[in-house]
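First comes the structure, then the notes that go with it.
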There are 2 protein chains.
Amino acid sequence: MPFNSTIPPLAVKRMTEYLAHARELCRNGEEWVSSSGLAETLGLTSSTVRQDLSHVEFSGTSKRGYSTAGLVQVLTSALGADRQWRSIVMGVGNLGRALAQHREFERQGFDICGVFDDDCRKVGTHVGELMVQPTTELKTFVSENQIKIGILAVPATAAQEAANELVEAGITGLLNLSITHIATPRDIAVVDARIVASLLELSYAIKALEE
Amino acid sequence: MPFNSTIPPLAVKRMTEYLAHARELCRNGEEWVSSSGLAETLGLTSSTVRQDLSHVEFSGTSKRGYSTAGLVQVLTSALGADRQWRSIVMGVGNLGRALAQHREFERQGFDICGVFDDDCRKVGTHVGELMVQPTTELKTFVSENQIKIGILAVPATAAQEAANELVEAGITGLLNLSITHIATPRDIAVVDARIVASLLELSYAIKALEE
DNA sequence: TAGATTGTTAATCGATTAACAATC
DNA sequence: TAGATTGTTAATCGATTAACAATC
């Protein structure tokens, strides 16, 4: 039970799925779920589920499994989603605008506080309740509002530069929605959302099925 | 050199990155890239890069590395992106609308031919050049237009049912943008886009950095 | 030629699974 | 109690890395 120590990356990925599923079960009034129940719906083995949950300070109950409410609570906290992460969106194209208004983010603890774009035709217009700001405001806004996360929704060609500006402005984590690989200092976390990459994986998977 | 045989999933994921980077190098007029060059920009070892590329019928050149144009060509084909995949979007919320208009998809070989929603206030309105259709039209549209891919952009609560309708209508691959896990018959490929899950991973990563 | 880089094998490392005693 | 399920160890499996001969 190596608590506090880092959880293996693949286990972290699966924990996001356990969390989503436990939430759903909770909503449906299910009080308990077994490792084999989780495994079956998510296409894993029960061993993997139990192994993963051993990274978290939470015990199941013999004969019944894991409390769904307990799982939601402990996984939310293990993933760091038991707080609001103040975030901003860089790039107000179709995708940036959609993400800024995506209710699911707020529900999961990611609070979009600002939207930025350098296109002067966009600055001053509104995205939901937020007004588009120019990137000259970035640094002030990030420090005054304690923004931690930047969501990168600019075109691929502008992605690295926008990332540099975000880092310079003081954010500590980046969600990259472009296909470009982003380089950052080692104390900045970057996660790629891989939307286009996922379509390519899908393309490969369909091809493989056809053979 | 096990050609034709399946490429390990993790190698497929990296290949999408090699492809994106090779495209960028090509665009910038770079003719050659070495395994260590690719490794450095993508945060891998050169061994991994060479091992991955051994799954593909393509040779590097001693002293120079890999031809960027050659890489683009062979990776595009290995991933199955050397053709147009006719696709539709299910769910015309913020996200669905944005994805339907996202130019990057078309550029990569994914051609969005239709958008569907069951909200009667949305049916008949336009998303770019496409008119929103009700799901009663799904089956006919999919078979008449040889649609292969369904992009699932409905709310989590409606995701499984929408997936069922897509499968029933005859699609063979699904890109799931909701957090919900989707169950499908074994001959249907599903890839999760994991946007919200990526934010949770980011949250964990930032937490880990802070410690 | 000398040096850089590939392709491939073998070694290492990490992740998954199987198995089973402990528990309720 | 008997049976189901956890938590954990050990075994297996797969993925990554190191090393190096072959090549240009």
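As the structure is a prediction and not an experimental result, all values here were calculated from the model. Every chain is numbered from 1 and lettered A, B, ... according to where its sequence line falls, protein lines coming before strand lines. Quick note: numbers below take in every heavy atom, side chains included, and nothing from hydrogens, waters or symmetry partners.
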Inset, instruction - May I ask you to decide whether B:Glu17 forms a salt bridge with B:Arg14, counting only side-chain N to carboxylate O separations under 4.0 Å? - result: no

Legend entry - Pair B:Arg103 + B:Glu106, salt bridge at N-O below 4.0 Å: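 Answer for the salt bridge query: yes.
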
Separation of atom [atom1] in [X] from atom [atom2] in [N], rounded to whole Å:
X	N	atom1	atom2	answer
A:Trp32	D:dT5	CH2	P	12 Å
B:Leu38	C:dA4	CG	P	19 Å
B:Leu71	C:dT5	CG	P	15 Å
B:Ile7	D:dT16	CD1	P	14 Å
B:Leu53	C:dT5	CG	P	15 Å
A:Phe58	D:dT8	CZ	C1'	18 Å
A:His55	D:dG7	NE2	C1'	13 Å
A:Arg64	D:dG3	CZ	C1'	15 Å

Legend entry - Test item: side-chain donor near acceptor, A:Arg23 and A:Gln108, under 3.5 Å: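 The criterion, which ignores hydrogens and geometry beyond distance, is satisfied for A:Gln108 and A:Arg23.
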
Legend entry - Side chains of A:Ser34 and A:Ser36, donor plus acceptor under 3.5 Å: yes

Inset, instruction - Sort out for me which residue in A:Leu152, A:Ile188, A:Asn164 forms a side-chain contact (heavy atoms from CB on, under 4.5 Å) with A:Ile182. - result: A:Leu152

Inset, instruction - Describe the nucleic acid contact of A:Ser35 in one word from base, sugar-phosphate, nothing, applying a heavy-atom distance below 4.0 Å. - result: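 Since only primed, P, OP1 and OP2 atoms lie under 4.0 Å of A:Ser35, the category is sugar-phosphate.
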
Legend entry - Residue whose nearest DNA chain C nucleotide is more 5′ - A:Pro9 or A:Ser62: A:Pro9

Inset, instruction - For the pair B:Phe110 and B:Trp85, name the ring-plane relationship: parallel under 30°, tilted 30 to 60°, perpendicular over 60°. - result: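 Rings of B:Phe110 and B:Trp85: parallel, as their planes differ by under 30°.
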
Legend entry - Candidate nucleotides D:dA4, D:dC24, C:dT6, ranked by approach to the side chain of B:Lys63 - the nearest: D:dC24

Inset, instruction - Mind checking side chain to side chain donor-acceptor pair (under 3.5 Å) for A:Thr135 and listing every partner two or more places apart, or none if nothing turns up? - result: A:Asp118

Inset, instruction - Mind listing the residues from residues 44-52 of chain A sitting with a heavy atom below 4.0 Å of DNA chain C? Number order is fine. - result: A:Thr45, A:Ser47, A:Thr48, A:Arg50, A:Gln51

Legend entry - Residues touching DNA chain C, which here means a heavy atom under 4.0 Å, drawn from residues 10-29 of chain A: A:Leu10, A:Arg14

Inset, instruction - Decide salt bridge (charged side-chain N to carboxylate O under 4.0 Å, His left out) for B:Glu210 and B:Lys207; before the verdict, give the C-alpha distance in whole Å, the side-chain angles of both, and the deciding distance to 0.1 Å. - result: CA-CA 5 Å; B:Glu210 281 171 358; B:Lys207 237 175 50 114; over 6 Å; no

Legend entry - Flag, side chain of A:Thr76 to backbone of A:Val72, donor-acceptor distance under 3.5 Å: yes

Legend entry - Under 3.5 Å on both distances, the Watson-Crick or G-U partner of D:dC24: C:dG3

Legend entry - Strand partner of D:dT16, provided both Watson-Crick or wobble distances fall under 3.5 Å: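 Pair assignment: D:dT16 / C:dA11.
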
Inset, instruction - Tell me whether the OP1 or OP2 atom of C:dG7 has a side-chain N or O from B:Ser59 closer than 4.0 Å. - result: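 True: B:Ser59 side-chain N/O within range (under 4.0 Å) of C:dG7 OP1/OP2.
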
